[in-house]
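Single-structure report; data block below.
Since we're looking at a predicted model, the values are computed, not measured. Proteins get letters first, then strands, A, B, ... in listed order; numbering begins at 1 in each.
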Protein chains: 2
Amino acid sequence: MSKEITARSDDYSQWYNDLILKGGLADYSAVRGCMVIKPYGFALWEGMRDVLDRKFKDTGHQNAYFPLFIPKSFLSKEEDHVEGFAKECAVVTHHRLMKNPDGPGVVVDPAAKLEEELIVRPTSETIIWNTYKDWIKSYRDLPLLINQWANVVRWEMRTRLFLRTAEFLWQEGHTAHATAEEAIAETVQMLEVYADFAENYMALPVVRGVKSPAERFAGALDTYCIEALMQDGKALQAGTSHFLGQNFAKVFDVTFTNKENKLEHVWATSWGVSTRLIGALVMAHSDDDGLILPPRIAPLQVVIVPIYKGAEQKEKIDAKVNEIMNDLKAQGIRVKYDDADNNRPGWKFAEYEMKGVPVRIAIGARDLENNVAEVARRDSKEKSSQSLDGLGAYIGTLLEEIQTQMYNKAKAYRDEHITPANTMEEFEKLLDEKGGFISAHWDGTTETEEKIKERTKATIRCIPLNNPQEAGTCILTGKPSTQRVLFARAY
Amino acid sequence: MSKEITARSDDYSQWYNDLILKGGLADYSAVRGCMVIKPYGFALWEGMRDVLDRKFKDTGHQNAYFPLFIPKSFLSKEEDHVEGFAKECAVVTHHRLMKNPDGPGVVVDPAAKLEEELIVRPTSETIIWNTYKDWIKSYRDLPLLINQWANVVRWEMRTRLFLRTAEFLWQEGHTAHATAEEAIAETVQMLEVYADFAENYMALPVVRGVKSPAERFAGALDTYCIEALMQDGKALQAGTSHFLGQNFAKVFDVTFTNKENKLEHVWATSWGVSTRLIGALVMAHSDDDGLILPPRIAPLQVVIVPIYKGAEQKEKIDAKVNEIMNDLKAQGIRVKYDDADNNRPGWKFAEYEMKGVPVRIAIGARDLENNVAEVARRDSKEKSSQSLDGLGAYIGTLLEEIQTQMYNKAKAYRDEHITPANTMEEFEKLLDEKGGFISAHWDGTTETEEKIKERTKATIRCIPLNNPQEAGTCILTGKPSTQRVLFARAY
């Protein structure tokens, strides 16, 4: 192999970092907590973004763009919101540098202090609702369905590539509605858009649920979420959709005249997914040899590697590959022919394995004589010899099969890792020995949730939607409970 | 008309602002100098971005993403660069807010001061070349052809929507090459990509040229540019492509082992266009009734408005419009049927005129009987009655015709406004009475250029590529000159 990867069993965390760095997805940068998204990682993000963007537009949303900076006073207006974001944010205080009067280089010009500090947006509710004030006057202006693709900054103290970075890329939807019912319907609709994307494109099964009050978004009445499970048994929140009630409308005084000609405050939602999804994708599917990407969002779906000696053999292979490429491209398959002669086939095999390309086709001179090619799957590592006749159709079907099997495999693992616990002893034993989601009764108080978190590092990931009601007693306090909720240790 | 627009002849600048605001392209924000790009304006930008992105990829470039923040020390490393950007930048000095101990709200936490200030990127050469240091080792790693779509911030003192804003959206290409020749070829290639985009998509004729030393990008050896002309006779720089030589490679010590196994510094280019292009688009084509958008990048190319009384008439029109819509969509035409019943046809006509939709189709009950529809062009305001048979094909052709005629009209205006001047008197008279580009001899010194600028507010927009050589004397100093250059007052 060309590049060494730490085994999952040795050090899961290092394995993850190795994949991100050696798979060419991202790199550390000179700025604390900020990453560089490399071309391969960015192509992956572009593919994910394009699918989501299409889904947003199909559900009636339009894109717009709001300022990077948020005046400090805006952040302070919603009490929970400022509590949630003020502790870790990037603050712009000056607008000019000047030559250092006491030495080399430049220093901040003290004369260029801003009257009011600006915060680099950690999320955009405040600046957007301040804008909506001017855009919404009547029920005819509603619903207002807007999404923004943007960078945001949260000054996290401990960062990990893609999973938690000071700057990350995301989309944030911000919608305004005439009634609570419509806003809740939007919140649920967008959760379903995320769940569908996770399951059908990322091959990532998710639990749809709502957060407990302690885990809600700062300023929301309800936070809906999708929760996924990683191979180390830890959960990862993959997307959230918030019902914001009238909080932001009241704070920024956004009202509309309803059909009865009365003034009301507007109802709001916001929802987002971020480059964090790439971390989830990597941890859910990959193995000790590198990335494993699901075909529907893999930047490259098929790679073809020629195996030849001399120009004559290569020429014949080239001609055949040309036919195959045309066939695959006509089906919309993203394919590359790697005939670079400065690397040997074995090196290329390892490289594309590392990069998680779903299907590799190798063609040698003898294969050509036999009218076959070797087709290797990245996910299962199965190899087979396939006839060149009808190879294009075979590959098209194979890619869909890989997509389905990757999902099924992840789902089987996830389903095996939802385990009930009825006592704290069972709960702690399961957490330490098996991991995954633990389904347990909880008395519904934040106090109990905090105590369980302190003792076990597990949090309530969600209360699943359509959760079966069942009488029971809280695992910690023994108080009565009407339903089980899902706990896990999480990223 | 539904909304009042200032006439160009009354106040060109106010006319521009009216179009941007009332056409729904952008809005002012609560943050000084930052704008909100509204959905219609963002759809326009998305369309432009998608065409450019395709062109970048077709010429072998990949997208990536680099940090928003640049350490202060990086900016200082290249002397011209810091000179160019330090005077107007957003400086992050702290990473936390805290409750105000002396009153309500939040204040900057003095304990959370950064060790080194971070600058919100005004452009990314420094952070990118610091990264390239790790990515480039050998000639095999070259060329490195990377582009980034991003937001950047320059703390401009006087701002105008799209034309000059503190934050704006752009793309910045940053490429690394083994030789100066290759880097120059890339610089020229990307200028041609921009010129092709401006002329064939924006219908905006441009002069391709190079900047005089005084107008070069801070840190470049040569800045190539495309210059366009607005309807008020002022020029606008629509895109730049820089040959950076080895400046940044030397400053960040980016070297590669060449084929002879010797260590060399890498050669660099950078190139960018921004949301400023939207300002150019608006000013080049629009009129006193609103925007006029060229079909190839108009978010909406055709709007259909029904004219009816009662449900029975509407039903018949709906059925026919459905056929027309299918026909247009099958051709890839972006079309909308506006049958909302809360606005009258006259209001809709004015609204789509304001928004610059290239073609409007109106269909009434009598039209239907006569098997015709009224087709109105936004650019020339010509209306005609067209048979419903073959209407789809007619519209397809018409859109291309509009595209061509808009370009031709803008080009005729531009060509009429390139005027030679042989004395300062002629030069100043032309500037004040006619505007446009003035072609004049210049002695080649920055000193003379500055003097002309101080006296007339005109700058050298460019030295056109393939400029004819002609002996002459500088209009200001009378010193000998070998070619004319283009002067103009500019945005």
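- Contacts of A/I128 with chain B are absent, with no heavy-atom separation under 4.5 Å from either backbone or side chain.
- For chain A, the option among B/W45, B/F69, B/Y40 with the highest count of heavy-atom pairs below 4.5 Å is B/F69.
- Put simply, CG on B/D50 and CG on A/D50 are 8.0 Å apart, with the number rounded to the nearest 0.5 Å.
- Interface remark: B/Y28 contributes no atoms to any contact with chain A (heavy atom separation under 4.5 Å).
- Enclosure of atom CD in B/E116 by more than 12 non-hydrogen atoms of other residues, nucleotides or ligands within 6.0 angstrom is indicated.
- For the pair B/E46 and A/K57, the salt-bridge criterion is met [side-chain N within less than 4.0 Å of a carboxylate O].
- Across every non-hydrogen atom of B/A64 and A/I37, the tightest pair is CB-O, 3.3 Å.
- When each of B/P39, B/A26, B/A90, B/P71 is checked for heavy-atom pairs under 4.5 Å with chain A, B/P39 comes out on top.
- Atom NE2 of A/H94 and atom CD1 of B/I119 lie 11.0 Å apart (nearest 0.5 Å).
- In this structure, A/R121 and B/N151 approach most closely via the heavy-atom pair NH2-ND2, 3.5 Å.
- Taking CD from A/Q148 and CZ from B/F42, the interatomic distance works out to 8.0 Å, rounded to the nearest 0.5 Å.
- Using modelled atom types, one side-chain atom of A/K72 and one backbone atom of B/V106 make a donor-acceptor pair closer than 3.5 Å.
- For a residue to count as touching a neighbouring chain, one of its non-hydrogen atoms must lie under 4.5 Å from one of that chain's; by this rule A/R32 does not touch chain B.
- When each of B/A43, B/C34, B/S76, B/P67 is scored by its heavy-atom pairs under 4.5 Å with chain A, the top score falls to B/P67.
- With respect to chain A, the highest number of heavy-atom pairs below 4.5 Å among B/H95, B/R96, B/E88 belongs to B/H95.
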Discussion item. Could you go through B/V91 and A/T93, starting from their C-alpha distance and side-chain angles, then the distance that decides it, and tell me whether this counts as side-chain contact (heavy atoms from CB on, under 4.5 Å)?
Written reply: CA-CA 6 Å; B/V91 189; A/T93 57; 5.5 Å; no
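- A side-chain N or O of B/D27 and one of A/W135 form a donor-acceptor pair less than 3.5 Å apart.
- The greatest number of non-hydrogen atom pairs below 4.5 Å with chain B, out of A/N342, A/N130, A/L169, is found for A/L169.
- Note that CD of B/E83 is 5.0 Å distant from NZ of A/K99, once rounded to the nearest 0.5 Å.
- The distance from the NZ atom of A/K38 to the CG atom of B/N63 is 15.5 Å, given to the nearest 0.5 Å.
- With chain B as partner, the option from A/A86, A/G105, A/P104, A/A166 having the largest number of non-hydrogen pairs under 4.5 angstrom is A/A86.
- Looking at B/N100, there are no atoms closer than 4.5 Å to chain A (heavy atoms on both sides), in backbone or side chain.
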Fill in: Criterion side-chain contact (heavy atoms from CB on, under 4.5 Å) on B/V36 and A/Y65, from CA distance to verdict
CA-CA 6 Å; B/V36 173; A/Y65 187 77; over 6 Å; no
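- Contacts between B/M98 and chain A at a heavy-atom distance below 4.5 Å are absent for every atom of the residue.
- Your options are B/L118, B/L97, B/I127, and the one with the most heavy-atom pairs under 4.5 Å with chain A is B/L97.
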Worksheet item: For A/L114 and B/W155, what are the C-alpha separation, side-chain angles and deciding distance, and is it a side-chain contact (heavy atoms from CB on, under 4.5 Å)?
Response: CA-CA 11 Å; A/L114 296 177; B/W155 209 262; 3.8 Å; yes
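- Within the 4.5 angstrom heavy-atom criterion, no atom of A/D109 approaches chain B.
- Proximity to chain B is absent for every atom of A/F85, based on heavy atoms less than 4.5 angstrom apart.
- Of the atoms belonging to A/L68, heavy atoms from both backbone and side chain fall under 4.5 Å from chain B.
- Contacts with chain B were tallied for A/E79, A/M35, A/K87; A/K87 has the most, counting heavy-atom pairs under 4.5 Å.
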